[in-house]
Amino acid sequence: MKEYILKKERVFHFLLLALIAGSMFITDPIQKMFVLVFGILGLLVLSALKKQKILVIVYFVLMIAAGVFYYLMTNGKLNF
């Protein structure tokens, strides 16, 4: 399975980036967060399979930032 994913890595990378971009057009905050975190988590897994430590750290920080943004957005501290 790992070999197949690494072989088709560009396709998975493109689809995960499309998920992240598509999350911008979702209005429901819970659904937006789920799609965004799923895309970032997929990129994190791809980076871990390719053994790219710096990208793993970057994607992990992005997941935490998405969680903080979701918290601020649902508590009414950010209005868009």
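Because the structure is a prediction, the values reported are computed rather than measured.
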For this session: Name all residues meeting the side chain to side chain contact (heavy atoms under 4.5 Å, CB included) criterion together with Leu44; count only those two or more places apart in sequence or in a different chain, and write none if there are none.
Result: Leu41, Val56, Tyr59, Phe60
Problem set entry | Common cluster, Phe38/Leu62, ILVMFWY with side-chain heavy-atom separation under 4.5 Å | yes
For this session: Answer yes if Phe69 and Leu72 sit in the same cluster of Ile, Leu, Val, Met, Phe, Trp and Tyr residues linked by side chain heavy atoms under 4.5 Å apart, and no otherwise.
Result: yes
Seminar exercise, completed: Residue set satisfying side chain to side chain donor-acceptor pair (under 3.5 Å) with Asn75, at least two apart, ordered chain then number -> Tyr71
Would you tabulate the side-chain donor-acceptor contacts of residues 14-32 under 3.5 Å, counting partners in other chains and residues two or more places apart, or write 'none'?
{"from": "Ser23", "atom 1": "OG", "to": "Ile20", "atom 2": "O", "distance (Å)": "2.6"}
{"from": "Asp28", "atom 1": "OD2", "to": "Gln31", "atom 2": "N", "distance (Å)": "3.4"}
{"from": "Lys32", "atom 1": "NZ", "to": "Ile26", "atom 2": "O", "distance (Å)": "3.3"}

Exercise. Cluster question for you: counting only ILVMFWY and a side-chain heavy-atom cut-off of under 4.5 Å, with indirect links fine, are Leu43 and Ile64 together?
Worked result: yes
Seminar exercise, completed: For residues 40-52, the salt bridge (charged side-chain N to carboxylate O under 4.0 Å, His left out) pairs (sequence neighbours left out) are Glu9-Lys50
Exercise. By side chain to side chain contact (heavy atoms under 4.5 Å, CB included), which residues pair with Tyr4, not counting sequence neighbours?
Worked result: Lys8, Phe12
